[in-house]
Amino acid sequence: MKEILKKYYALLVILLVYVIAIISVVTYRINEAPPGTITIRISHWQLESGVRDAFNKLAEEYQKLHPNVRIIQEAIPESVYGQWLSTQIIGGTAPDIVEMGMIPYQLMIAYYNRYCMVLTPYINKPNPYNKNNEFANVTFRNTYRDGMSAAYVNEMQEFMTIPLSAFSIRVFYNKDLLKKLTGSDKIPKNYQEFKSICKKIAEKKDNKGRPYTAIVGSKYHFGMWNYGMADILTYRLMEKADFTRDAYVSNDEFFSAIRSGVMTFKERPIMSMLQVTRFISDNCQPGFTGLNRDDGVLLFAQQRAVFMTTGTWDARSLQQQTKGKFELGIMDFPIPTPDDPEFGDLVPGPRYENPGVGFMFAVNRMSKSSETALDFLMFLASKENNERLNKIIGWIPAIKNTSMDAILEGFEPNYEGIYGNFNPYLGGETWIKWFQLNSLYQVNREFTAEQFVSEFEPFYKEKGYFDFLEQMKDRQRGIAINERFLTGLRGLALSESDKTLADSVWIKYRAQTRDRQLNQDVWIAEQFWRVEKGPEDKEYGPYVHRPEILKKAKENYLKTKNAF
Amino acid sequence: MFFSNRKKSLHHYPIKILIAFSLLIISLLSSCSKKQIKTENSQELLSSGWAEFRLGEYKKAIQIFSLVAFSPDTDKKIRPHALYGLACSHWQKLPDADKPLAIKLFKQIIEEYPDSEFAVWSELALIRMEHIVSPGEKADYPTLRKKYMALFEKYPNTLPGHEGFVYMLSTYIASFDNKNDIEKGFELADEFLNKFPDSPYASSIWSLRAKACQILKKPDEQLKSMIMSLKKRELDPTNPKMENAGTYWAIATTAEFEVGDFITAKKYYQLLIDEYPQEKRRFAAITAIKRINELLKKFDEEITQ
């Protein structure tokens with residue numbers, strides 16, 4: 001025995017350590033999840049403050065209702081989330097619930113198809129966790145702000161995820177610095193007030209002699225400023241170029257309008273948009289185009305800039321970062337109002353805003369506890385719990401009739417307003433040219449808006465047609481893709497033995513055939529017709545009453561006056 | 001001792017052991033697969049074949065459809081379905097579609113199972129293969145029209161027959177420059193709608209008729225066709241992205257700017273406002289109603305004067 005001990009001493013020590021390790025792991029697991037416990041793992045990339053706390057808090061409450069369930073979250077940094085998710089999913093070790101994203105869209109569709117649970121059967125029934133509120137008899141999808149549209153995957157014709165939050169973009173500002181630099185804590189309500197405040201800020205310097213910055217700019221922030229303040233000035237372009245009268249100017253309509261001379265880049269809406277772009281860039285810190293998101297946030301946190309735009313997803317983090325340093329305020333974009341002396345005629349209403357619903361989770365089809373995983377998601381998406389979850393995080397709930405965190409209050413979305421109609425993006429060379437000139441325009445004050453459009457327009461007219469042809473080829477490629485999709489759907493309908501289910505799939509098939517494929521030849525021919533021949537009526541825009549129509553309308557009115 | 005002996009014995013018989021082990025694995029695998037073919041229901045296999053097709057796993061789909069199509073045990077009713085799945089997979093597989101083989105299989109279905117619904121779908125597929133051309137190329141519309149029409153006339157009461165008819169009609173309407181084609185399309189649409197007012201594709205035919213009217217400058221008929229297209233439109237109730245907001249807007253603006261029918265225009269602007277409170281065009285619809293009301297007020301003033 002002694003000999004054996006001597007001979008295998010090292011081996012036995014290793015064995016002993018191994019046994020101790022096993023015992024400690026098993027003990028830990030038993031304490032954490034006693035036998036019979038269902039463990040649900042949930043993965044996401046939200047490292048923003050509050051998200052993990054919110055999940056832990058709601059998991060605790062869920063465990064009170066379901067003592068045999070344990071919820072464990074895995075927060076993975078967004079920079080590696082895509083690779084991590086792919087590895088886990090393909091390796092068959094993905095968590096029971098996964099936040100979907102950070103991977104190319106086509107890959108996501110493939111993952112939905114192969115590895116995620118189809119949620120459609122549950123979406124059209126009430127959420128059982130809403131049994132004590134006004135949604136007790138309302139289908140789950142109709143409790144959502146967007147009717148759960150974001151969760152519907154068109155390529156699969158199924159609901160695949162459960163969204164938990166909504167997002168929109170706002171302007172965040174330093175209340176203390178605003179008061180210090182302008183002498184007032186009054187926030188700008190419109191473009192003119194904003195202009196005057198930015199001017200005052202630009203005149204002030206800190207104790208080191210450095211100028212203050214009014215607007216935080218960076219590669220990340222500038223696009224949002226432009227989207228929020230400048231784009232909307234092009235709303236009225238639809239009065240000239242919306243030839244199909246669908247209330248949007250598509251890129252082929254835009255090109256056709258420019259090519260035929262019905263519209264030029266010197267139209268007031270476009271020049272005004274560029275004017276506001278210049279105003280924003282003039283009030284950003286020097287060299288902002290080379291900076292990234294963190295550089296911009298740093299300037300704001302160091303109290304050297306007053307206004308910064310970002311999504312409501314950053315609200316809680318910003319609040320915590322600035323706590324004790326300065327008071328954080330949130331306001332809407334100070335856009336021109338209809339009485340604005342410069343741009344009033346271009347802005348007939350407020351800015352349209354429909355917050356996107358996101359923070360979407362899918363259930364792993366391979367999970368042993370997929371039903372429990374789904375149940376936990378439905379718990380999080382019930383009215384009261386969704387409100388609680390989002391209040392802790394500082395985000396907007398995805399469910400209707402919910403209140404939000406105090407910091408976001410007063411920023412209910414505005415569904416009645418105007419939107420941008422500037423759409424010269426045909427792709428290829430014209431897009432690159434626009435991008436290059438726009439970058440130059442943002443940094444070089446001597447490069448005027450007139451020079452910008454004078455240089456771009458001839459190029460756009462000449463090269464745009466080739467980009468358009470490429471776009472049409474893509475559209476033709478799309479027909480073959482659609483045919484494949486429809487064949488798959490037809491196969492599903494043909495192989496369904498349950499008549500009710502087969503009928504439902506046939507409805508999908510016919511609706512998709514109608515909307516995607518039957519009219520493709522006409523749509524393509526019409527786009528070519530429009531681009532090559534220009535609009536039929538060059539005298540009257542699409543939203544102008546021609547005299548003969550007014551005459552006819554008057555006659556009709558006389559005939560049917562009582563109907564009004 | 002034990003280890004060294006074992007090592008020796010293994011060293012002596014490596015090839016024999018390897019062969020025995022391989023035979024064992026092969027026999028196990030083959031018995032499993034035989035068992036699978038016998039026990040699996042052919043219908044279930046077809047469903048899984050289509051599932052693989054939708055996943056883009058064409059090789060697997062071909063394997064499954066072939067298994068069902070060429071197995072002697074397969075029911076005669078099931079076989080055309082399996083052949084159809086196989087033909088579709090060869091036609092549409094990526095990256096290397098095998099169109100000649102697909103054509104052969106579609107023709108085989110038509111020849112061997114002329115009364116099967118798969119024969120009609122196969123005939124439609126053969127025309128679609130000619131219709132879908134490479135980017136930059138133009139399809140041969142006159143030939144396609146004849147083929148689609150022949151299919152429709154042969155199977156006038158089937159879904160693929162009606163689908164073929166719509167594809168044919170769209171080739172007429174797509175000839176924007178050629179008024180004769182547009183007029184022919186207009187006539188064909190009317191004939192079809194008289195015979196099959198409740199076809200599942202009636203909405204598409206009305207919509208194409210509306211487009212023909214727009215080109216032929218018949219605004220009243222255009223508006224009527226748009227409204228009929230909406231009435232006949234089949235909505236997938238499970239799809240939240242399928243809605244009527246765009247159609248309401250199109251009808252309203254056609255009524256207002258092409259027909260001068262302000263009653264209809266107001267009605268459809270209002271439907272958009274009421275049914276789609278989050279719609280982007282809501283503000284524009286509200287503005288339009290105000291604009292119409294002002295015009296009507298002006299008409300009233302002119303009448304009083």
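Below, chain A is the first sequence line, B the second, and so on; all start at residue 1. None of these values were measured; they are calculated from a predicted model.
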Peer 1: Quick check: do B/Phe257 and A/Ile549 have side-chain heavy atoms less than 4.5 Å from each other?
Peer 2: no
Peer 1: Check whether any side-chain heavy atom of B/Tyr167 sits under 4.5 Å from a side-chain heavy atom of A/Asp521, and report yes or no.
Peer 2: no
Peer 1: Report which part of A/Arg546 has an atom under 4.5 Å of a heavy atom belonging to chain B: side chain, backbone, both, or neither.
Peer 2: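 Just the side chain, heavy atoms under 4.5 Å.
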Peer 1: Could you tell me which portion of B/Leu295 (side chain, backbone, both or neither) has an atom closer than 4.5 angstrom to a non-hydrogen atom of chain A?
Peer 2: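 Side chain only.
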Peer 1: Can you tell me how far OG1 of A/Thr513 sits from OH of B/Tyr201, rounded to the nearest 0.5 angstrom?
Peer 2: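 B/Tyr201 OH to A/Thr513 OG1: 4.0 Å, rounded to 0.5 Å.
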Peer 1: Taking side chain as everything from C-beta outward and backbone as N, CA, C, O, which of these in B/Leu169 sits under 4.5 Å from a heavy atom of chain A? Side chain, backbone, both or neither.
Peer 2: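 Neither the backbone nor the side chain of B/Leu169 comes within 4.5 Å of chain A.
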Peer 1: With a 4.5 angstrom heavy-atom cut-off, which part of B/Glu137 approaches chain A: side chain, backbone, both or neither?
Peer 2: backbone
Peer 1: Working to the nearest 0.5 Å, report the span between OG of A/Ser497 and CG of B/Leu46.
Peer 2: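 It comes to 11.0 Å.
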Peer 1: So do the side chains of B/Glu57 and A/Arg114 get within less than 4.5 Å of each other, counting heavy atoms only?
Peer 2: yes
Peer 1: Is it the side chain or the backbone of A/Tyr248 that comes within 4.5 Å of chain B heavy atoms, both, or neither?
Peer 2: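 Interface part for A/Tyr248: side chain.
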Peer 1: In terms of side-chain geometry, is the basic nitrogen of A/Arg510 or B/Glu163 positioned less than 4.0 Å from the acidic oxygen of its partner?
Peer 2: no
Peer 1: For B/Arg281 and A/Tyr419, which I'm curious about, is there any donor-acceptor pair between the side chains at under 3.5 Å?
Peer 2: no
Peer 1: Within the structure provided, determine whether B/Asn239 and A/Gln512 are in side-chain contact (heavy-atom separation under 4.5 Å).
Peer 2: yes
Peer 1: Decide yes or no on salt bridge (Lys or Arg N to Asp or Glu O under 4.0 Å) for B/Asp236 and A/Arg514, but give the supporting numbers first.
Peer 2: CA-CA 12 Å; B/Asp236 172 8; A/Arg514 177 196 64 212; over 6 Å; no
Peer 1: Going by an N to O cut-off under 4.0 Å, is there a salt bridge joining A/Glu353 and B/Lys280?
Peer 2: no
Peer 1: Looking at A/Met148, A/Gln157, A/Met238, A/Glu526, which has the largest count of heavy-atom pairs under 4.5 Å with chain B?
Peer 2: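 If we count pairs closer than 4.5 Å to chain B, A/Glu526 comes out on top.
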Peer 1: Quick one: closest heavy-atom pair of B/Pro240 and A/Ser149, and the distance?
Peer 2: CG-CA, 3.9 Å
Peer 1: Which residues in residues 246-255 of chain B have a heavy atom less than 4.5 Å from any heavy atom of chain A?
Peer 2: B/Trp249, B/Thr253
Peer 1: Identify which part of A/Asn556 has an atom lying under 4.5 Å from any heavy atom of chain B, answering side chain, backbone, both or neither.
Peer 2: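 The answer is the side chain of A/Asn556.
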Peer 1: Between B/Leu208 and chain A, which part of the residue has a heavy atom less than 4.5 Å away: side chain, backbone, both or neither?
Peer 2: side chain
Peer 1: Could you look at B/Ser207 and say if it's the side chain, the backbone, both or neither that has a heavy atom under 4.5 Å from chain A?
Peer 2: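 It is the side chain, since no backbone atom gets that close.
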Peer 1: Strictly below 4.0 Å, N to O, side chains only: are B/Arg233 and A/Asp515 in salt-bridge contact?
Peer 2: yes
Peer 1: Of the non-hydrogen atoms in A/Trp529 and B/Asp177, which two are nearest, and what is the gap between them?
Peer 2: CZ3-OD1, 2.7 Å
Peer 1: Mind ranking B/Tyr141, B/Phe53, B/Trp50 by heavy-atom pairs under 4.5 Å with chain A and telling me who comes out on top?
Peer 2: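 Of the options given, most contacts go to B/Trp50.
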Peer 1: Would you call A/Glu536 and B/Lys217 a salt bridge, taking side-chain N to carboxylate O under 4.0 Å as the test?
Peer 2: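 A salt bridge links A/Glu536 with B/Lys217.
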Peer 1: Identify the heavy atoms of B/Met242 and A/Ala511 that sit nearest to each other, and give their distance.
Peer 2: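 In this case the closest contact between B/Met242 and A/Ala511 is CE-CB, 3.5 Å.
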Peer 1: Check whether B/Tyr172 gets within reach of chain A through its side chain, its backbone, both or neither, counting any heavy atom under 4.5 Å.
Peer 2: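 Neither part, no heavy atoms under 4.5 Å.
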Peer 1: Sort B/Ile273 into side chain, backbone, both or neither according to what part of it lies under 4.5 angstrom from a heavy atom of chain A.
Peer 2: neither
Peer 1: Between B/Pro200 and A/Trp506, is any pair of side-chain heavy atoms under 4.5 Å apart?
Peer 2: no
Peer 1: Using heavy-atom distances under 4.5 Å, tell me whether B/Ser89 contacts chain A through its side chain, its backbone, both, or neither.
Peer 2: neither
Peer 1: Can you say whether B/Phe176 sits under 4.5 Å from chain A via the side chain, the backbone, both, or neither, judging by heavy atoms?
Peer 2: both
Peer 1: Please classify the contact of B/Phe165 with chain A as side chain, backbone, both or neither, using a heavy-atom distance under 4.5 Å.
Peer 2: neither
Peer 1: So how far is it from B/Phe262 CZ to A/Thr560 OG1, rounded to the nearest 0.5 Å?
Peer 2: 11.0 Å
Peer 1: Return the CZ to NZ distance between A/Arg484 and B/Lys93, rounded to the nearest 0.5 Å.
Peer 2: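 Result: 12.0 Å between the selected atoms.
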Peer 1: Between B/Gln278 (side chain only) and A/Arg145 (backbone N and O only), is there a donor and an acceptor less than 3.5 Å apart?
Peer 2: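 Yes, B/Gln278 side chain to A/Arg145 backbone: donor-acceptor pair under 3.5 Å.
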Peer 1: Just verifying a value: how many Å separate A/Ile479 CD1 and B/Ile132 CD1, rounded to the nearest 0.5 Å?
Peer 2: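 That separation rounds to 7.0 Å.
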Peer 1: Side chain from CB out, backbone as N, CA, C, O: work out which of these in B/Ile215 comes under 4.5 Å of a heavy atom of chain A, or both, or neither.
Peer 2: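 For B/Ile215, there is no contact with chain A at all, as no heavy atom is under 4.5 Å.
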Peer 1: Given the rule in the salt bridge (Lys or Arg N to Asp or Glu O under 4.0 Å) test, do A/Asp146 and B/Lys241 qualify, once you have shown the distances and angles that lead to the verdict?
Peer 2: CA-CA 10 Å; A/Asp146 70 337; B/Lys241 295 188 179 175; over 6 Å; no
Peer 1: Under 4.5 Å between any side-chain heavy atoms of A/Leu518 and B/Ser170, yes or no?
Peer 2: no
Peer 1: Between B/Asp300 and A/Tyr557, is there a side-chain heavy-atom distance shorter than 4.5 Å?
Peer 2: yes
Peer 1: Salt bridge check, B/Glu234 against A/Lys508: does any charged N sit closer than 4.0 Å to a carboxylate O?
Peer 2: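 Not counted as a salt bridge, because no side-chain N and carboxylate O are separated by less than 4.0 Å.
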Peer 1: B/Gln92 and A/Thr487: side-chain donor and acceptor closer than 3.5 Å?
Peer 2: yes
Peer 1: Less than 4.5 Å apart, side chain to side chain, heavy atoms only: is that true for A/Lys552 and B/Asp220?
Peer 2: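 The answer is yes; the side chains approach within 4.5 Å.
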Peer 1: Between the side chain of B/Arg54 and the main-chain N/O of A/Gly488, is any donor-acceptor distance below 3.5 Å?
Peer 2: yes
Peer 1: Let me confirm one number: the CD-CE distance from A/Glu483 to B/Met129, rounded to the nearest 0.5 Å.
Peer 2: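 Answer rounded to 0.5 Å: 10.0 Å.
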Peer 1: What heavy-atom pair brings B/Trp121 and A/Leu494 nearest, and what distance separates the two atoms?
Peer 2: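 Between these two residues, the closest heavy atoms are NE1-CD2, 4.1 Å.
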